[in-house]
Amino acid sequence: MDTVEICYQLYCRSIHAGEWMPVDQKVQQLAWNNKVLSDSGTYYVLSDVDLCADLIIKCLFDHRAFAHPYTEKITALLGRVSAEALRERLEPVCFRFTPVLVEMLFGSKIEQVVRAYNTFIAY
């Protein structure tokens, strides 16, 4: 059985002070605009691209690691989303690291993402 997370906004943990904060408003709006009905048809869920971005953001900022089962789910979702749509959702959160991040994800280098993010200096 899948875990259900009910929330009004997508959120992540600040890497500095550790407080919870909503992700950028553009990302929030895209998620609301692209929601889809669940398989049962009784509630809405995130679209594949919004779920993929949300999981990536949570792994990078909340967990500071890409671990199983997240990597398995993200990898499956990457096969169903476009790099451009994912980039659009990650850029307001990951800024200049976004092109590197998307290239690494689609290049099957997910295990190297956190280290690359922590050493990224081109801001």
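Just so it is clear, the model here is predicted, and its values are computed rather than measured.
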* To do: Can you see which heavy atom on A31 is nearest to which on L46, and at what distance?
  => CB-CD2, 3.8 Å

* Residue F106 excluded, over 12 heavy atoms near CZ under 6.0 Å -> yes

* To the nearest 0.5 Å, how far apart are CG in L105 and OG1 in T71? -> 11.5 Å

* To do: In sequence, state the C-alpha distance, the side-chain angles, and the governing distance for H63 and Y70, and then conclude on side chain to side chain contact (heavy atoms under 4.5 Å, CB included).
  => CA-CA 10 Å; H63 306 293; Y70 294 100; 3.3 Å; yes

* Asked: Excluding sequence neighbours, so at least two apart, what forms side-chain hydrogen bond (donor to acceptor under 3.5 Å, both in side chains) with Q25?
  -> none

* To do: With sequence neighbours excluded, tell me which residues meet side-chain hydrogen bond (donor to acceptor under 3.5 Å, both in side chains) with T42.
  => S40

* Not counting sequence neighbours, which residues clear side-chain hydrogen bond (donor to acceptor under 3.5 Å, both in side chains) with N118? List them please. => none

* Sequence neighbours excluded - ring-ring contact (aromatic ring centres under 6.0 Å, His included) pairs with any residue from residues 72-105 -> F97-Y117, F97-F120

* **More than 12 heavy atoms of other groups within 6.0 Å of K35 NZ** => yes

* **Short side-chain donor-acceptor distance under 3.5 Å, N33 and Q29** => yes

* Determine the minimum heavy-atom distance between T98 and E91, stating which atoms define it. => OG1-CA, 3.2 Å

* Asked: Does a side-chain heavy-atom distance below 4.5 Å link I56 with L101?
  -> yes

* Crowded around E103 CD? As in, over 12 foreign heavy atoms under 6.0 Å? -> no

* Any side-chain heavy atom of D24 sitting closer than 4.5 Å to one from R89? -> no

* To do: Give, for atom OG of S47 and atom CH2 of W32, the distance between the pair rounded to the nearest 0.5 Å.
  => 13.0 Å

* Structure fact -> Between the CZ atom in R115 and the CE atom in M104, the distance rounded to the nearest 0.5 Å is 10.0 Å

Under 3.5 Å donor-acceptor pairs involving side-chain atoms of residues 77-88, not counting sequence neighbours:
{"unit_1": "R80", "atom_1": "NE", "unit_2": "D48", "atom_2": "OD2", "d": "2.9"}
{"unit_1": "S82", "atom_1": "OG", "unit_2": "A85", "atom_2": "N", "d": "3.0"}
{"unit_1": "E84", "atom_1": "OE1", "unit_2": "R87", "atom_2": "NH1", "d": "3.0"}

* To do: Could you work out the complete set of other residues in the hydrophobic cluster of Y44, with links drawn between I, L, V, M, F, W and Y side chains under 4.5 Å apart?
  => L37

* Would a 4.5 Å heavy-atom cut-off, applied to side chains only, mark D50 and D54 as touching? -> no

* Asked: Is there a donor-acceptor pair closer than 3.5 Å between any side-chain N or O of N34 and the backbone N or O of L30?
  -> yes

* Do V100 and K109 pass the side chain to side chain contact (heavy atoms under 4.5 Å, CB included) test, and can you show the C-alpha distance, the side-chain angles, and the key distance before you say yes or no? -> CA-CA 11 Å; V100 175; K109 296 179 181 176; over 6 Å; no

* Short question: side chain of Q28, backbone of V23 - any donor-acceptor pair under 3.5 Å? -> yes

